Amino acid sequence: MPEVDIQKEKEFFLDIPQKNETFFLKGSNNHDWGFKNRLARIFNPVSGKTVMLAFDHGYFQGPTTGLERIDVTIEPLVPHADALMLTRGILRSLISPAVKNSVVMRASGGPSILKELSNEQIAVDMEDAVRMNVSAVAVQVFIGGEFESQSVLNMTKLVDAGNRYGIPVLGVTAVGKDLVRDAKYMRLATRICAELGAAFVKTYYVEKEFETVTASCPVPVVIAGGKKLPELDALKMARNAIDQGALGVDMGRNIFQSESPVSMIHAVRKVVHENMSPQHAHEFYLDLMNEEKKRKQR
Ligand code: R5P
C-alpha cells in the first residue's frame with residue numbers, strides 16, 4: 001500500500017488549459033493511440049519525415065546486387081535509418097532484436113521474377129507481425145496489373161487485420177513493365193490505396209506533376225528510390241519529391257548500391273530531415289566518402 005497522501009496544498013494549474021494536440025501526420029489524426037505511436041516511430045515527429053531503408057528485394061528476386069550478404073552490407077546502415085523495410089525471414093535471421101529502428105515488414109509475396117509478379121498473396125499472418133513488434137506491414141498493390149483485384153484485396157484484408165491490433169498498412173504501388181509511369185497513373189494507384197485503408201503509400205517519383213499525386217492522396221506518401229542513379233541525381237530526386245509533398249523516402253538500391261552506402265544514407269537524411277539542397281548534400285556525401293577512404297588506407 002502506498003502511504004496516504006496527506007499533502008494539503010495541491011496544484012491543479014487551473015490557468016493552464018490541457019493540451020489537445022492534433023497528430024502531426026497528414027490524414028492520420030483519427031487512428032487509435034497504438035496505431036499513431038507506430039506511425040510516430042516511422043515518421044520523425046520533429047521533421048515529420050522518414051528515411052526508410054528498403055532491403056526486401058529478395059522476396060521476389062533473390063540475392064539482389066548489394067544484398068548478397070545483408071549481415072555485411074546492410075548492418076552498418078541500420079543505425080542511420082528511421083525504419084527498416086524487410087521481410088520477416090531477414091528480420092528473424094539477420095537483424096538484432098536490440099535495434100532501435102522501427103520495422104516495416106513486407107506482408108505480401110508469392111511469385112518470383114520468373115512468374116507473373118502481380119499474382120501475390122498475403123504472406124504474413126498479422127499475429128506474427130505483432131509478435132515481431134513491427135510498426136507497419138507493407139503490401140504490393142498492382143493497379144492495372146493482371147491480378148489487380150487480388151492484390152487490392154490482399155491490402156484490404158491486411159488493413160482489417162492491422163486495425164484489430166493497431167498496425168498500419170503501407171500500400172506499395174507496383175508499376176508493371178507494361179504500365180506508363182506518369183502522374184496520372186500514380187494519382188490513380190496512390191488514391192486507391194488510401195481510399196481502401198492504407199495508412200501511408202509508397203510510390204515512384206515522376207518528373208511531371210508529382211505534387212498532384214501527393215495533393216490527391218489523403219495520407220502520407222513516401223517515394224521508392226528505384227533503379228540506381230548517380231548519387232547527385234538520387235539526392236535531387238529526394239529533394240524534389242519532398243518539396244512536392246512527399247513525407248519521406250523508402251530507398252534501397254540508391255543507398256546500398258552506392259559507392260559509399262553509409263555516406264549516402266547520411267546525405268539522404270540531410271535532404272529529407274534537414275532540408276539540405278541536393279548539391280550541398282552531395283558535397284557532404286563526397287566528404288564523408290573521402291574520409292572513409294582515408295580511414296581505410298591508414
Ligand atoms: C519493391 O518492390 C521493393 O521491394 C523495394 O522495397 C522498393 O522498390 C524500394 O527499393 P528501391 O529504392 O531499390 O526501389
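Nothing here was measured: the structure is a model prediction, and the numbers come from that model. Each ligand, and each atom within it, is numbered from 1 in the order the structure gives.
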Can you check whether [Y]'s main-chain N or O pairs, donor with acceptor, with [X]'s side chain at less than 3.5 Å?
X	Y	result
Arg106	Tyr59	no
Thr50	Ile42	yes
Thr173	Lys202	yes

Does the ring centre of Phe35 sit less than 6.0 Å away from the ring centre of Tyr165?
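Ring centres of Phe35 and Tyr165 not closer than 6.0 Å.
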
Is the gap between the ring centers of Tyr285 and His280 under 6.0 Å?
no

Classify the ring geometry of His266 against His80: parallel below 30°, tilted from 30° to 60°, perpendicular beyond 60°.
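Rings of His266 and His80: tilted, as their planes differ by 30° to 60°.
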
Backbone or side-chain N or O of [X] under 3.5 Å from ligand 1 N or O:
X	answer
Lys227	no
Asp56	yes
Tyr59	no
Gly225	yes
Phe60	no
Ala54	no

Taking only heavy atoms of [X] into account, list the atoms of ligand 1 that are under 4.0 Å away from them.
X	result
Met251	12 (O)
Arg253	11 (P), 12 (O), 13 (O), 14 (O)
Asp250	9 (C), 12 (O)
Gly226	11 (P), 12 (O), 13 (O), 14 (O)

In the protein, which heavy atom is nearest to [atom], and how far is it?
atom	value
atom 1 (C) of ligand 1	Gln140 NE2, 3.9 Å
atom 10 (O) of ligand 1	His57 NE2, 3.1 Å
atom 12 (O) of ligand 1	Gly252 N, 2.8 Å
atom 8 (O) of ligand 1	Tyr204 OH, 3.8 Å

Check the hydrophobic clustering (I, L, V, M, F, W, Y; side-chain heavy atoms under 4.5 Å; chains of links allowed) and say if Val78 and Leu67 are grouped together.
yes

Group every Ile, Leu, Val, Met, Phe, Trp and Tyr by side-chain heavy-atom contacts under 4.5 Å, then state whether Val222 and Leu53 land in the same group.
no

Lys228 bridged to Glu231 by N-O distance under 4.0 Å:
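Glu231 and Lys228: salt-bridged.
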
Going by heavy atoms, is Lys202 under 4.0 Å from ligand 1?
yes

Is Asn254 in contact with ligand 1, taking contact as a heavy-atom separation below 4.0 Å?
no

Taking all atoms of both residues into account, what is the closest heavy-atom pair of Thr73 and Gly66, and its distance?
OG1-O, 2.8 Å

